[in-house]
Asker: 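Here it is, the structure in full.
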Amino acid sequence: QVHLVESGGGLVQAGGSLRLSCAASGQTFSINTMGWFRQAPGKDREFVATINWSGPNTYYADSVKGRFAISRDNAKNTVYLQMNSLNPEDTAVYYCAATGAVFAPATLERAQIYDYWGQGTQVTVSS
């Protein structure tokens with residue numbers, strides 16, 4: 001089992017920045033890929049970004065490319081999501097997810113392939 005805990009959400013003005021953290025515990029040796037998803041009220045859960053647990057590969061949704069950056073600190077078992085140039089459309093609950101399997105990048109956009117999820121952290125961007 002892997003336990004994920006997100007933190008760092010909050011209220012920010014449009015154009016501002018936030019950094020989310022996701023701390024993993026438990027059987028972290030089983031993790032291959034970590035991802036961030038988000039869900040706005042009344043909408044489906046949406047892919048944001050992924051990163052390999054032990055390699056350099058990252059993958060982003062087009063809507064956040066160039067504004068968000070995913071990174072990790074293996075020593076701390078933590079994945080980060082640096083979010084810059086935020087706009088009201090980025091308002092959502094942000095979830096951290098993990099999977100032990102290996103998938104092609106396009107498949108990593110599918111929430112169904114992730115085995116573990118955090119409880120989510122709210123990000124609200126005011127205009």
Side-chain angles (χ1 to χ4, degrees):
Q1 288 289 327
V2 174
H3 186 53
L4 303 175
V5 178
E6 303 98 332
S7 61
L11 175 64
V12 64
Q13 289 188 330
S17 299
L18 280 175
R19 188 176 82 155
L20 305 182
S21 300
C22 173
S25 60
Q27 297 179 320
T28 57
F29 59 84
S30 67
I31 298 173
N32 181 73
T33 301
M34 298 284 291
W36 285 98
F37 286 74
R38 64 187 182 185
Q39 189 166 17
K43 295 188 176 181
D44 292 335
R45 193 162 296 192
E46 175 189 27
F47 166 75
V48 175
T50 64
I51 187 167
N52 285 114
W53 192 241
S54 59
N57 296 332
T58 58
Y59 183 60
Y60 295 93
D62 288 343
S63 59
V64 306
K65 205 172 292 184
R67 299 189 299 125
F68 291 11
I70 189 170
S71 62
R72 69 176 190 277
D73 184 335
N74 291 96
K76 296 182 179 179
N77 287 333
T78 300
V79 170
Y80 303 98
L81 185 68
Q82 178 66 43
M83 305 186 295
N84 300 324
S85 301
L86 286 162
N87 58 63
E89 290 69 39
D90 295 316
T91 294
V93 177
Y94 283 70
Y95 296 92
C96 177
T99 178
V102 178
F103 295 98
T107 305
L108 293 171
E109 296 183 13
R110 297 171 54 197
Q112 301 93 313
I113 63 109
Y114 290 85
D115 304 305
Y116 306 102
W117 291 86
Q119 82 288 350
T121 185
Q122 176 71 46
V123 172
T124 303
V125 184
S126 62
S127 57

Asker: Is the number of heavy atoms from other residues, nucleotides or ligands within 6.0 Å of CD (Gln13) greater than 12?
Answerer: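 No, the 6.0 Å shell around CD holds no more than 12 heavy atoms from other groups.
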Asker: State which residue, out of Ile51, Thr28, Leu81, fulfils the side chain to side chain contact (heavy atoms under 4.5 Å, CB included) condition with Met34.
Answerer: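 The side chain to side chain contact (heavy atoms under 4.5 Å, CB included) with Met34 is passed solely by Ile51 among Ile51, Thr28, Leu81.
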Asker: On a heavy-atom basis, which atom in Thr91 and which in Ala40 lie closest, and how many Å separate them?
Answerer: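 Smallest interatomic distance, heavy atoms only, reads O-CB, 3.7 Å.
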Asker: Which distance, rounded to the nearest 0.5 Å, do you find between the CD1 of Ile70 and the SG of Cys96?
Answerer: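 So the CD1 of Ile70 and the SG of Cys96 are separated by 8.0 Å.
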Asker: Is there a side-chain hydrogen bond (donor to acceptor under 3.5 Å, both in side chains) between Asp73 and Thr78 once you walk through the steps?
Answerer: CA-CA 5 Å; Asp73 184 335; Thr78 300; over 6 Å; no
Asker: How would you list, by chain and number, every residue that makes a side-chain contact (heavy atoms from CB on, under 4.5 Å) with Ser30, sequence neighbours excluded?
Answerer: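 Val2, Gln27.
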Asker: Under the side-chain hydrogen bond (donor to acceptor under 3.5 Å, both in side chains) rule, collect the residues that match up with Tyr59, sequence neighbours excluded.
Answerer: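 Tyr59 satisfies side-chain hydrogen bond (donor to acceptor under 3.5 Å, both in side chains) with Glu109 only.
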Asker: Checking Phe37 now: which residues fulfil ring-ring contact (aromatic ring centres under 6.0 Å, His included) with it, not counting sequence neighbours?
Answerer: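 Testing Phe37 for ring-ring contact (aromatic ring centres under 6.0 Å, His included), a comparison that skips the adjacent residues, returns Phe47, Tyr114, Trp117.
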Asker: Please name all residues satisfying side-chain hydrogen bond (donor to acceptor under 3.5 Å, both in side chains) with Asp44, sequence neighbours left out, ordered by chain then number.
Answerer: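 Per chain and number, Asp44 pairs via side-chain hydrogen bond (donor to acceptor under 3.5 Å, both in side chains) with no residue.
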Asker: Would you list the pairs meeting salt bridge (charged side-chain N to carboxylate O under 4.0 Å, His left out) in which at least one residue belongs to residues 45-68, sequence neighbours left out?
Answerer: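 Every salt bridge (charged side-chain N to carboxylate O under 4.0 Å, His left out) pair that includes a residue of residues 45-68, provided the two are not neighbours, is Arg38-Glu46, Asp62-Lys65, Arg67-Asp90.
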Asker: Without swapping roles, check the side chain of Asn52 against the backbone of Ser54 for a donor-acceptor pair under 3.5 Å.
Answerer: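 No, the answer is negative, given that no donor and acceptor are paired below the 3.5 Å cut-off.
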Asker: Hey, quick one: are Leu18 and Val93 part of the same hydrophobic cluster, counting side-chain heavy atoms closer than 4.5 Å, chains of contacts allowed?
Answerer: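 Shared cluster, no.
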Asker: With rounding to the nearest 0.5 angstrom, report the SG to CZ distance, Cys22 to Arg72.
Answerer: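 If we round to the nearest 0.5 Å, Cys22:SG and Arg72:CZ are 13.5 Å apart.
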Asker: With sequence neighbours excluded, what pairs up with Arg110 under the salt bridge (Lys or Arg N to Asp or Glu O under 4.0 Å) test?
Answerer: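 Result, salt bridge (Lys or Arg N to Asp or Glu O under 4.0 Å) vs Arg110: none returned.
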Asker: Could I get the full list of side-chain contact (heavy atoms from CB on, under 4.5 Å) partners for Thr121, not counting sequence neighbours?
Answerer: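 Partners of Thr121 under the side-chain contact (heavy atoms from CB on, under 4.5 Å) test: Glu6, Leu20, Tyr94.
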Asker: When you look at Trp53 and Thr33, which way does the side-chain contact (heavy atoms from CB on, under 4.5 Å) test go after all the steps?
Answerer: CA-CA 5 Å; Trp53 192 241; Thr33 301; over 6 Å; no
Asker: For residues 21-31, which residue pairs pass the salt bridge (charged side-chain N to carboxylate O under 4.0 Å, His left out) check, not counting sequence neighbours?
Answerer: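 For residues 21-31, and leaving out neighbouring residues, there are no salt bridge (charged side-chain N to carboxylate O under 4.0 Å, His left out) pairs at all.
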Asker: I'd like to know if Val48 and Tyr95 are part of one continuous hydrophobic network [Ile/Leu/Val/Met/Phe/Trp/Tyr, side-chain heavy atoms within less than 4.5 Å].
Answerer: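 Shared cluster, no.
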Asker: Locate the shortest heavy-atom distance separating Lys43 from Gln39; write the atom from each residue and the value.
Answerer: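 Minimum heavy-atom separation between Lys43 and Gln39: O-NE2, 3.0 Å.
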Asker: Arg19: what forms a side-chain contact (heavy atoms from CB on, under 4.5 Å) with it, not counting sequence neighbours?
Answerer: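 If we apply the side-chain contact (heavy atoms from CB on, under 4.5 Å) test to Arg19, skipping adjacent residues, the hits are Tyr80, Gln82.
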Asker: Excluding sequence neighbours, so at least two apart, what forms side-chain hydrogen bond (donor to acceptor under 3.5 Å, both in side chains) with Asp115?
Answerer: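 Applying side-chain hydrogen bond (donor to acceptor under 3.5 Å, both in side chains) to Asp115 gives Thr99.
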Asker: If you look at every heavy atom in Tyr60 and Ala69, which pair is closest and at what distance?
Answerer: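 So the minimum-distance heavy-atom pair works out to OH-CA, 3.3 Å.
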Asker: Using the side-chain contact (heavy atoms from CB on, under 4.5 Å) criterion, which residues pair with Pro88? Sequence neighbours excluded.
Answerer: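 So Pro88 forms a side-chain contact (heavy atoms from CB on, under 4.5 Å) with Ala14, Val125, Ser127.
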Asker: Going by the rule side-chain hydrogen bond (donor to acceptor under 3.5 Å, both in side chains), which residues pair with Thr124 if we only count those two or more places apart in sequence or in a different chain?
Answerer: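 Expected list: Gln122.
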Asker: Identify the heavy atoms of Ser17 and Asn84 that sit nearest to each other, and give their distance.
Answerer: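 Nearest heavy atoms, Ser17 then Asn84: OG-OD1, 2.9 Å.
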Asker: What are the two closest heavy atoms between Gly9 and Val123, and how far apart are they?
Answerer: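 Minimum heavy-atom separation between Gly9 and Val123: CA-CG2, 4.2 Å.
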